[in-house]
Amino acid sequence: MDRLKINELIWQAVASIPKGKVVTYGQIAKLSGYPGLARYVGLTLKNLPSNTTLPWHRVINAKGEISFPQGSPEYKRQKALLKAEGVIFNKAKLPAGIYDWL
DNA sequence: GTTGTGACTACCA
DNA sequence: ATGGTAGCCACAA
């Protein structure tokens, strides 16, 4: 009886990410209880309002990069937010071991 | 009820 | 190493 939409679960999972760490969509999906819905995580975050307090910028793809094309405003925003969190980008990729959240 | 799509992931050449 | 293809589940029209 999952009255709760996957959206709610995603929000919780993303909100549970500690500062200075990042996780992949697959991890979020798995933590949300939907191991195969990595894609939907992104769709959910996309549906989030601009005034959300959710740290969606801590969610990245399995390659350790931002899923947005470089040069895109969202890409820059996420990169800036991560930098403010203490996450350092080696060019466009993130150092491994950062996903060692759980 | 069917079809299409997606801020993904894993596998194969 | 890189690039392309297939699989995956949930939601919207």
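Values in this document were obtained by computation on a predicted structure and should not be read as measured data. Chain A is the first sequence line, chain B the second, and so forth, proteins listed ahead of strands; every chain is numbered from 1.
- Nearest nucleotide to the A:Arg39 side chain, out of B:dA10, C:dG7, B:dA7: C:dG7.
- Look at NZ on A:Lys46: it is 13 Å from C1' on C:dA10, rounded to the nearest Å.
- Checked by atom type and distance alone, the side chain of A:Thr52 pairs as donor or acceptor with a backbone atom of A:Leu54 at under 3.5 Å.
- Picking from B:dA7, C:dA10, B:dC8 the nucleotide with the shortest atom distance to the side chain of A:Ile6 gives C:dA10.
- Contact annotation: A:Thr24 side-chain N/O to B:dC8 OP1/OP2 distance is not under 4.0 Å.
- When rounded to the nearest whole Å, the span between OH of A:Tyr25 and C1' of B:dC8 equals 8 Å.
- Counting heavy atoms from C-beta on, the side chains of A:Lys21 and A:Glu85 never come closer than 4.5 Å.
- Minimum atom distance to the side chain of A:Asn61 is reached by B:dC8, of the listed B:dA7, C:dA10, B:dC8.
- Without hydrogens or angle criteria, A:Asn90 side chain to A:Leu94 main chain gives no donor-acceptor distance under 3.5 Å.
- The nearest whole Å value for the distance from the OH atom in A:Tyr34 to the P atom in C:dC8 is 18 Å.
- When each of B:dT9, C:dC11, B:dA7 is scored by its nearest atom to the side-chain atoms of A:Tyr40, the top-ranked nucleotide is C:dC11.
- Taking atom CG of residue A:Leu43 and atom P of nucleotide C:dA13, one finds them 13 Å apart after rounding to whole Å.
- Here the CD atom belonging to A:Gln27 is positioned 11.0 Å from the CD1 atom belonging to A:Ile60, to the nearest 0.5 angstrom.
- Whole-Å rounding puts the A:Leu45 CG to B:dC8 P distance at 10 Å.
- Closest to the side chain of A:Leu37, out of C:dC9, B:dC8, B:dG6, is C:dC9.
- Per the geometry, NZ belonging to A:Lys30 stands 18 Å off P belonging to C:dC8, to the nearest Å.
- At whole-Å resolution of the value, CZ in A:Arg77 and P in B:dA7 are 17 Å apart.
- Using a 4.0 Å cut-off between charged nitrogen and carboxylate oxygen, A:Glu8 and A:Lys5 do not count as a salt-bridge pair.
- Rounded to whole Å, atom C1' of C:dG3 lies 11 Å from atom NZ of A:Lys63.
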